[in-house]
Amino acid sequence: MSESILRVENFSVDYGVGDRAVRAVHDVTFSLGRSEVLGIAGESGSGKSTLVYGLTRLLRAPGVIRSGSASLTIGEEGQRREIDLLSADERELRALRWRHISVVLQSALSALNPVRRIGKEFDEVLRYHGQGTSRAERRARAEELLAMVGLKSDRLDRFPHELSGGQRQRVMIALALALSPDLVIMDEPTTALDVVTQREIIDELRELRERLGFAMIFITHDLSLLVELAEQIMVMYAGRVVERADSSDLYAIPRHPYTVGLMNSFPPLSGEIVPMSGIPGSPPSLASLPTGCAFHPRCPLASEECSLSSPPLVVEGSRSLACFHSSPSVRERLEIRS
Amino acid sequence: MRVLLRRFGVYLLTAWVAITANFFLPRLMPGNPIASLIGKLTGQVTPQEVRSIQLQFGVGLHSSIWQQYWDYWVNLFHGQLGTSITLSASVSSVLASQIYWTLGLIGVATVLSFVFGTALGALLGWTRGARTDSLIPLATFFQATPYFFLGSVMVLVLSNNLHWFPDLGAYDPNATPGFNWGFIASLIRYGELPVLSILLSSMAGWMLGMRNMMVTVIGEDFVLMAVAKGLPRRRVIWHAARNAVLPSVANFALAIGLLVSGALLVELVFNYPGVGNLLLNATLNEDYPLLQGIFLIITLTVLGANLIADVLYFWLDPRTRTPVTQ
Amino acid sequence: MSDAPLLEARGLTKEFLVKPQGSTFARRRPFRAVEDVSVQLREGRVTAVVGESGSGKSVLARMLARTVSPSAGELLVGGKVIDPHQRRDLTYTATVQLVLQDPFASINPVHPIRHVLERPLIIHGTASREVPALSKELLERVALTPGESFLDRYPHELSGGQLQRVSIARALSVRPKVLLADEPISMLDVSVRLGVLNLLRDLCDREHLAILYITHDIASARYIADEVLVMYAGQVVEVAEGTDVVDHPRHPYTQLLVSSVPDPGHQDRVRIQAPSATAFPEEGCRFAPRCPLADDRCRRQVPELVEIGTGHRVRCWRVEEASVLFSSRNSQKGGGEIT
Amino acid sequence: MKNFALPRSPKVIAGMVILGIFLLLMVIGPFIEPYNPSSPLFLQNLPPSSAHWLGTTELGQDIFSQLLDGARATMVVGLVAGLVATVLSIVVGVSAGYLGGKTDEALSLTSNVFLSLPGLPLLIVIDSYLPVSKRSNPLVIGGVIALTGWAWGARVLRAQTLSLRNRDFVEASRIVGEKRWRIMAVEIAPNLLPILASSLLFTVLYSVGAYTSLAYLGLTNTSVWNWGTMMYWAQANNALLANQWYWFVPPGICIALVGTSLALLNFGIDEFINPRLRAAGVRVRGPKSARVSRPRLGMTPVLRDTSGVSS
């Protein structure tokens, strides 16, 4: 693996403090290589968004980081320096944000200020980060950025509500790349879009990444999308990482029953139609998690052990897995059952 | 544009309603107030004046009510609002001499109140949860306190007892009215306390409204994005405030009416010249022509202020200009 | 049993008046959200309508549920034409039911689940002493067991998947013959989607309901449906039995749609390149501005829906070339893009 | 409808306590007043003492008795006017929102017109045309106040009804064949309650203010005791200049307290309608040792567990 840009260890996040605290992210450890794409898959409430907002310190109250460390390595080759994200003060964070880490949200309509023209957003980001001395210079840069995502420069004079959903998301991506950041966080950027638009944006993202070399954390509930886009995939359930692997490995041989269930939740686009079952039950509420492995009430392989203690995340080569039933044949066994 | 034209239509209609109410109210009220007024006036004023009141209110006239209504409009367009009974002068000239006081005092106070109240509300909303929150009950108290009470107590304490501010009135009786520095300085000096009292009682409304909106807007994604973009804090607050102020501007219509109502009392409390004082005197003396004229002027002024607020809103919120695409 | 479909729509069209963007005084112009759509819903069959946002599929569902009145076209229940002017028609309501997309929004937050199920039962004349037992039974039919444990809960205490089941139970309470489901799984957690989909298939198989499944997810349509309609800009552009639409798409738009779905197993699948949708044209084929094959005729004249195989109909002037395009490209693996 | 419980914040509790006291005074005030408020029984201009808690007036009336007596008229007029205005605003607002179309256009226009008319001047004009005998009737005054105060509530309720009408659960009720009036009464109305309560509080607040203002100006019958009238007499006798604050200030404070209590209750409703306003979500509450200062946007606090994470 290449040199890492983001290192996260034993990272935990709570909502609230004291008796009513709810743990939303539990003891997450991972690292992200330079120019690498990490996909985080999971359903609502799995903690995937909480994790990245916690790391960037953008998580809103009552979110509180309870343990762990997170550091970002920035700077040119040869003069790299590591910044501790969790002890950084407001000034350091401000200098870091957008220039080194930028964010794209699911709904670009709500992420863009509704009363300002698109051009203003670009102008502001460039100006406050000291790029482009004159207004005209910044305007030229903004046009260049829009062209990069296939939009005409007249969009700069529009308001967000005057663009289509796909155009708005493209604007967000162009904006996120405006300062050539080292890391771009994409929080379900295509979930609200149509399939065809999603396809266009995914293709564009792949191409841009190859060209510009930024690292990316891509959050979605759609595993198959991640398989196409990411090098590494991390699957989360109820605040914990349950499986982590290279995307091709994960797709070929998913080993956690939840991962298997997730993959079985998407009917295939080709082949014979076989009845599929998804995963029984519903995702648990964080406020009342089951004992032991949080997945055990929904797991077809659950044994008594699973309800007693939570399986640790065991690293094995390039894979990590948190399951007591970790034989490679899980998938076959599950398929026989369903 | 369409929205704006619609609003303008509403205001035209409102003006029409106010003018028509002015015409019909004295004619349709139970107990016939005008007839009893004329009864009282007989012998006190010249027969011409009685005649002019009769003409204006249609007592003892033989023309139909619709003809009177038409004449009323014609007179209105010629700026003829009748003759004041108590002041023995044409209502329009009385109003013309007094309206500047009111416009000046209330105008300045309204603008200051909106600006300070909104700015303070934005800050309160931003620092929500901090100790500044304890300002809220205090502000609520001021908001709930009747204006005339607050004003009177302020006069008592700040002016009579502490002598921080000059006595009642609009300017130093020794100053010579005119465009000279001495007079202007005394105008400002005498205006301080009235303006301050209006601010205290009306700022709270803007402040609380803005705070609530600010808290709501801070929850929006684009504010979080402004932080994520590494913008300085004042810039982030600006992003939020720019959106949070919209409902305040939209509510101007309601607020301005209430504000003007409350502020009319300021003239009474401070013995300040202006339309408010005129209104009260007209009411107490049953000077109906003057009363009508004042109500008309106040309504038209409030409508004008509303229109300005609407134009401002239209300019501030692009979504009113073009329809939202899906 | 007669041969007539339980519910049939013939030539349904809906026009809305919209104001053109950017102009202040321009007159409103008619915009066709749905244009000449015919569909037959038969006992024990699932018919899927696939389309992206703006394709008119939700308006179609609402016309079938009669909460939106069509500008043209007619509805037939069991072969009989429905009088479009009768506003509140309990017989129709008892035959055709609609399940809405957002389970959190489609159940009133202030009432317990009991209320949600009992009202339709009472409206449709169930004796009041039978109501509690029937409500419980309904919940169990949609796999919310034990039923009584849900009756007194409030909507905010249930998960999205459970609420959507309640929503289906409410629709079933009037014993409908036809169930319309407007994107019933798109707001649900991924892991519970198939459960709801299987429930629909099950209702169709065991209780012989006719089901219309509306979705933007062509893979789920392929999974559940006996017949699939693809809509684009208010028109049906392709119809086929079973998995044909997905396995052998003929219309260029369907091909674009299928090839856009993330499918890691077939990453080598060739993609149709098409510019993004702008405004739909007023004349000619609606898809022409994006279609790699569009010629003059396409831009001038709207093609008809033409049968090209058993139960397979396509609305395309250049269907021959289009069919060849997709299959040949897929065998070529990674050939050049069409521009 | 257990989810309608108001948030139990100190603000709401304070509001309820204060309002409760004044409602009680409204009922029992005239029975517990020590003296007849109108009779000039005592020495004039007495300062506060144990016999006369708030002293006496220029005519030798007991001010404390007037204050207690005035609670009834002030509160009754405020409540009646508030209720009448709210009923008007429900009728106009809800039907405009639900029926839509031309009805909506007409009703909205009417409320917009009333909204743009300046309230107090209109009130003064109408009032001054009223014969004096009518002015002594608090119900007539209340009615006139209601007439000038309903429009705001109607506008808010219309907007809310409009948004509820387009909710999916209303459509779902229509689809199962529910009747129109039942949809309005059973499905929509309960969702309107918080807005309705808030609008009622506001109109009562407005009515109390308008009534006491009119009374203070001497435009109501000055022999009916209410807090505004008390201040009118105090003002007429230059009580403040004579440092008789105990004559002028207590009624003013009472009005302010009633208003404050209404506004505080409204805070509770606001927080119920808009959960973002709830302070509980903001301040991270916890044991003293683990208290975090107010979290700032974009600065998620780091509070490392020293005791070790329980898992």
Side-chain angles (χ1 to χ4, degrees), chain A residues 41-46 150-151 162 164-167 170 190 192-203 220-229 237 247-248 250-252 258 261-285 298, chain C residues 21-22 50-55 143 157-163 185-198 201-202 216-225 242-243 246-247 253 256-267 269 271-279 290:
Chain A
E43 297 176 82
S44 51
S46 63
L151 289 180
E162 296 173 312
S164 73
Q167 287 174 339
R170 285 198 167 89
T190 60
L193 303 177
D194 286 325
V195 201
V196 178
T197 318
Q198 164 173 299
R199 167 58 60 200
E200 288 164 7
I201 286 188
I202 293 296
D203 287 349
T220 178
H221 58 257
D222 188 346
L223 254 181
S224 29
L225 192 64
L226 285 186
V227 174
E228 287 191 20
L229 195 66
Y237 188 78
S247 66
S248 49
L250 188 91
Y251 180 72
Y258 177 66
L262 215 49
M263 291 174 76
N264 279 344
S265 296
F266 290 94
L269 210 52
S270 52
E272 193 100 332
I273 290 184
V274 284
M276 299 166 70
S277 59
I279 305 175
S282 327
S285 126
R298 306 175 73 190
Chain C
Q21 227 190 48
V50 181
E52 301 188 293
S53 52
S55 63
E157 299 171 67
L158 269 58
S159 72
Q162 289 170 329
L163 282 178
I185 60 169
S186 65
M187 305 284 279
L188 305 182
D189 273 320
V190 175
S191 65
V192 303
R193 287 184 182 176
L194 266 183
V196 171
L197 223 48
N198 286 340
R201 183 73 243 182
D202 220 42
H216 63 262
D217 176 8
I218 201 166
S220 71
R222 179 183 186 272
Y223 174 72
I224 186 179
T243 61
V246 185
D247 297 347
Y253 173 67
L256 174 67
L257 199 60
V258 172
S259 67
S260 295
V261 178
D263 187 8
H266 299 83
Q267 286 208 57
R269 195 190 290 256
R271 300 210 169 95
I272 306 281
Q273 291 281 302
S276 318
T278 46
R290 303 175 68 187

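What's counted below: heavy atoms across the whole structure, side chains too, no hydrogens, waters or symmetry copies. Chain identifiers are assigned alphabetically (A, B, ...) following the order of the sequence lines, protein sequences preceding nucleic acid strands; residue numbering begins at 1 within each chain.
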Exercise for review: Enter the distance from C:Glu157:CD to A:Ser285:OG here, rounded to the nearest 0.5 Å.
Suggested key: 12.0 Å
**Study point:** Nearest non-hydrogen partners of C:Ala219 and A:Pro267, listed with the distance
**Key:** CB-O, 3.5 Å
**Study point:** Euclidean distance, A:Ile202 CD1 relative to C:Ser260 OG, rounded to 0.5 Å
**Key:** 11.0 Å
Point to revise | Exam field: side chain C:Asp247 to backbone A:Ser270, donor-acceptor pair closer than 3.5 Å | key: no
Check your understanding: By side chain to side chain contact (heavy atoms under 4.5 Å, CB included), which residues pair with A:Asp194, not counting sequence neighbours?
Key -> A:Thr197, C:Glu52, C:Ser53
Review point. Within the distance-only criterion (no hydrogens, no angle test), does the side chain of A:Glu228 pair as donor or acceptor with the backbone N or O of C:Pro262 below 3.5 angstrom?
Key: no
Practice item. For the pair A:Phe266 and C:Val190, evaluate side chain to side chain contact (heavy atoms under 4.5 Å, CB included) and give the outcome as yes or no after the intermediate values. Key: CA-CA 8 Å; A:Phe266 290 94; C:Val190 175; 3.5 Å; yes
**Study point:** Inter-residue atom distance A:Arg199.CZ - C:Leu257.CG, 0.5 Å rounding
**Key:** 11.5 Å
Point to revise | Interchain contact, C:Arg222 with chain A, by part (heavy-atom threshold 4.5 Å) | key: both
Check your understanding: Once you round to the nearest 0.5 Å, how far does OG of A:Ser265 lie from CD1 of C:Ile185?
Key -> 10.0 Å
Point to revise | C:Thr243 versus chain A, the contacting section by heavy-atom distance below 4.5 Å | key: side chain
Exercise for review: Apply side chain to side chain contact (heavy atoms under 4.5 Å, CB included) to A:Pro284 and list each qualifying residue two or more places apart in sequence or on a separate chain.
Suggested key: A:Tyr237, A:Ala238, A:Leu289, A:Pro290
Check your understanding: A:Leu225 versus chain C, heavy atoms under 4.5 Å apart: side chain, backbone, both or neither?
Key -> both
Revision key, fill the gap. Closest non-hydrogen atoms of A:Pro283 and C:Val192, given as atom of the first, atom of the second and distance, are CD-CG1, 4.1 Å
Check your understanding: Which heavy atom in C:Ser191 sits nearest to a heavy atom in A:Glu43, and how many Å separate them?
Key -> OG-OE1, 2.6 Å
Exercise for review: Side chain from CB out, backbone as N, CA, C, O: work out which of these in C:Asp189 comes under 4.5 Å of a heavy atom of chain A, or both, or neither.
Suggested key: both
Practice item. Give a yes or no on whether the backbone of A:Leu269 and the side-chain of C:Tyr223 come within a donor-acceptor separation of less than 3.5 Å. Key: no
